[in-house]
Engineer: 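Below is the structure I would like to discuss, written out as structure tokens.
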2 protein chains.
Amino acid sequence: MPSATVENYVKEILALSMEKGKAQVGMGEIARGLGVAPGTATSMTKTLEREKLVQYKSHKGVTLTAKGRKLGMGMLRRHRILETFLVETLGLDWTEIHGEAEELEHALSEKVLDRLDKFLGRPEFDPHGDPIPTKDGKIAQSNMRNLLECRRQVASKVTLITDQGVEFLNFARRKGLVPGASVEVISRDLVSDAVELRIGKTKPFTIGSKAARKILVASS
Amino acid sequence: MPSATVENYVKEILALSMEKGKAQVGMGEIARGLGVAPGTATSMTKTLEREKLVQYKSHKGVTLTAKGRKLGMGMLRRHRILETFLVETLGLDWTEIHGEAEELEHALSEKVLDRLDKFLGRPEFDPHGDPIPTKDGKIAQSNMRNLLECRRQVASKVTLITDQGVEFLNFARRKGLVPGASVEVISRDLVSDAVELRIGKTKPFTIGSKAARKILVASS
DNA sequence: CCAATGATTTTGAATAGTCAAAATTATTTC
DNA sequence: GAAATAATTTTGACTATTCAAAATCATTGG
Ligand SMILES: [Mn+2]
Ligand SMILES: [Mn+2]
Ligand SMILES: [Mn+2]
Ligand SMILES: [Mn+2]
């Protein structure tokens with residue numbers, strides 16, 4: 001069985017390669033993502049290679065093998081099902097579930113995971129809007145745009161908050177920018193770096209472009 | 001924070017000292033209980049002492065400190081609440097929950113534990129009948145006798161199955177010897193090593209003394 | 001093409017936990 | 001009170017994971 005450390009590395013590599021849209025991931029990115037020294041990532045990479053979870057090109061980066069991708073998808077599945085459980089069943093706040101799931105994901109057997117999934121009614125998205133991979137490692141590829149790219153003057157549904165830090169999640173909730181909410185981009189101004197929004201029929205408000213990029217909406 | 005290993009040792013020491021009714025526990029018992037080499041227990045004991053979780057007398061054994069007892073009780077609480085959740089909520093079988101809880105107990109924050117406890121309705125006993133310690137580490141001291149010691153010709157309630165291996169639990173369930181069941185010892189015979197029982201009003205059957213000792217009933 | 005800059009890798013060291021086998025200490029039996 | 005037996009401790013070794021700092025490699029802007 002892979003150790004918790006191995007599982008974390010593989011999950012991180014998968015997450016990074018997905019958000020970059022590129023399979024190969026560098027040592028520095030991994031190290032930053034996991035909060036370890038660069039040399040640690042290089043050294044751990046050797047272990048992952050020995051386990052045939054990645055393919056490694058020195059000074060270029062790592063790419064997950066089929067086995068690695070499968071493990072990584074499994075970890076995303078665990079993590080997201082757990083987060084859903086923590087919010088839906090136990091009523092934790094969506095700002096505090098990530099850390100909890102980060103630990104629990106390594107202690108859950110396949111069997112318990114499955115029962116949990118069934119108990120929750122086979123959810124498709126976690127509380128942040130991230131899609132939950134199926135048991136065979138497939139992830140629904142959805143069409144999403146962030147608030148800088150989506151159409152203006154048209155209501156869209158918020159689908160995902162990509163920055164899942166406590167700060168940003170609290171901000172997002174305060175503004176009503178939660179998965180499922182209806183949002184309309186009224187205007188965008190590049191010079192003032194401002195994006196004017198309205199949630200449902202409430203009073204419009206303005207956020208910066210950096211924040212706007214972190215909120216994704218469905219783009220039909 | 002104590003490592004999972006430290007938590008397992010402390011829990012084992014507490015469990016052993018409780019079942020012996022004696023605070024001091026030897027290296028050999030710990031090693032046997034955790035399935036490690038004797039030298040490993042000795043070495044780990046030094047770590048526990050450094051953390052002020054035990055007091056150690058060379059060649060005599062270890063005794064939990066107040067801090068150690070608190071941690072140990074906390075672990076029993078975690079373990080038993082988790083077992084209860086796995087059976088009550090997820091519907092796992094009582095033969096397969098021990099191993100699952102053994103892993104999960106180290107990954108659960110105090111907060112999630114509390115929510116789980118609340119969600120389950122603050123259960124007092126786990127699926128095997130073991131009492132769940134309260135948050136402040138107190139355990140209800142109940143009066144229990146095994147089927148060799150209890151009164152004959154009188155119905156009692158099964159309260160605890162002490163052998164929690166898969167084999168024995170399956171046997172116990174097949175016979176109806178589960179917590180809550182009403183059982184009457186009809187007769188005991190030392191020579192034939194036999195204990196004749198009846199569950200409720202069903203047909204009597206006979207088990208051996210070794211098995212009889214593993215089933216505890218309430219003794220008013 | 002090449003020096004500066006940034007990224008990556010290597011080196012040497014540390015910690016936690018574990019084992020097997022040898023050495024030592026306790027206990028029991030005659 | 002020994003000798004035999006059992007329990008415990010020590011020794012030396014190994015694996016996994018991590019770090020800091022030094023060495024090396026790669027890219028890029030002139
Ligand atoms: Mn994790
Ligand atoms: Mn999430
Ligand atoms: Mn455990
Ligand atoms: Mn139990």
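Each chain gets a letter, A, B and so on, in the order the sequences are listed, and its residues count up from 1.
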Engineer: Counting only side-chain nitrogens and oxygens, does B/K60 get under 4.0 Å of the OP1 or OP2 atom of D/dT8?
Structural biologist: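 No, because none of the side-chain N or O atoms of B/K60 sits under 4.0 Å from OP1 or OP2 of D/dT8.
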Engineer: B/K57 NZ to D/dT9 P: how many Å, rounded?
Structural biologist: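 Checked: the NZ to P distance equals 13 Å.
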Engineer: Round to a whole Å and report the spacing from CD of B/E49 to C1' of D/dT8.
Structural biologist: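 Atom-to-atom, B/E49 to D/dT8, this comes out as 15 Å.
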Engineer: Is B/R77 salt-bridged to B/D117, going by a charged N under 4.0 Å from an acidic O?
Structural biologist: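 Salt bridge: yes.
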Engineer: Output yes when at least one side-chain N/O atom of A/S58 is less than 4.0 Å from OP1 or OP2 of C/dT8, else no.
Structural biologist: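 Checking C/dT8 against A/S58, no side-chain N or O comes under 4.0 Å of OP1 or OP2.
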Engineer: What is the distance, rounded to the nearest whole Å, between atom CD of A/E7 and atom P of D/dA16?
Structural biologist: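 A/E7 atom CD is separated from D/dA16 atom P by 15 Å.
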Engineer: For DNA chain D, whose closest nucleotide is more 5', that of B/K46 or that of B/R32?
Structural biologist: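 The residue whose closest nucleotide sits nearer the 5' end is B/R32.
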Engineer: Please state whether the phosphate of C/dT10, meaning OP1 or OP2, lies under 4.0 angstrom from any side-chain nitrogen or oxygen of A/T42.
Structural biologist: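 Result: no.
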Engineer: I'd like to know whether CZ of B/R122 has more than 12 heavy-atom contacts from other residues, nucleotides or ligands below 6.0 angstrom.
Structural biologist: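 Counting neighbours around CZ of B/R122, more than 12 heavy atoms of other residues, nucleotides or ligands fall under 6.0 Å, so yes.
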Engineer: Regarding A/E96 and B/K111, does a basic nitrogen lie under 4.0 Å from an acidic carboxylate oxygen?
Structural biologist: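 Looking at A/E96 and B/K111, the cut-off is met.
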Engineer: Produce a footprint string for nucleotides 12-21 of chain C: one letter per nucleotide, 5' end first; B if the base is under 4.0 Å from any protein heavy atom, S if only the sugar-phosphate is, - if neither.
Structural biologist: -----SBB--
Engineer: In this structure, how many angstroms lie between the C1' atom of D/dT8 and the CD atom of B/E29, rounded?
Structural biologist: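 Taking atom C1' of D/dT8 as the reference, CD of B/E29 is at 13 Å.
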Engineer: Measure the distance from OH on A/Y56 to C1' on C/dT10 and round it to the nearest whole Å.
Structural biologist: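 Interatomic distance, OH of A/Y56 to C1' of C/dT10: 11 Å.
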Engineer: Within this structure, what is the CG-to-C1' distance between A/L34 and D/dC19, rounded to whole angstrom?
Structural biologist: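 The distance from CG of A/L34 to C1' of D/dC19 comes to 15 Å, rounded to the nearest Å.
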Engineer: Could you label the plane-to-plane angle of the B/H79 and B/H98 rings as parallel, tilted or perpendicular, counting under 30° as parallel and over 60° as perpendicular?
Structural biologist: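 Answer is tilted, since the angle falls between 30° and 60°.
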Engineer: How many whole angstroms separate atom NE2 of A/H59 from atom P of D/dT28?
Structural biologist: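 The answer, rounded to whole Å, is 16 Å.
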Engineer: Take a 6.0 Å sphere around CD of B/E124 and say whether it holds more than 12 heavy atoms from other residues, nucleotides or ligands.
Structural biologist: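 Atom CD in B/E124 is not packed in, count stays at 12 or less.
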Engineer: Taking the six-membered ring of A/F168 (Phe, Tyr or Trp), confirm whether the NZ or CZ of A/K214 is under 6.0 Å from its centre and within 45° of its axis.
Structural biologist: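 Yes, a cation-pi geometry holds between A/K214 and A/F168.
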Engineer: If you define the side chain from C-beta out and look only at heavy atoms, does anything of A/V54 sit under 4.5 Å from A/Y9?
Structural biologist: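 A/V54 does not reach A/Y9 side chain to side chain.
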Engineer: Whole angstroms only, please: what is the CD1-C1' distance between A/I30 and C/dA7?
Structural biologist: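 Checked: the CD1 to C1' distance equals 13 Å.
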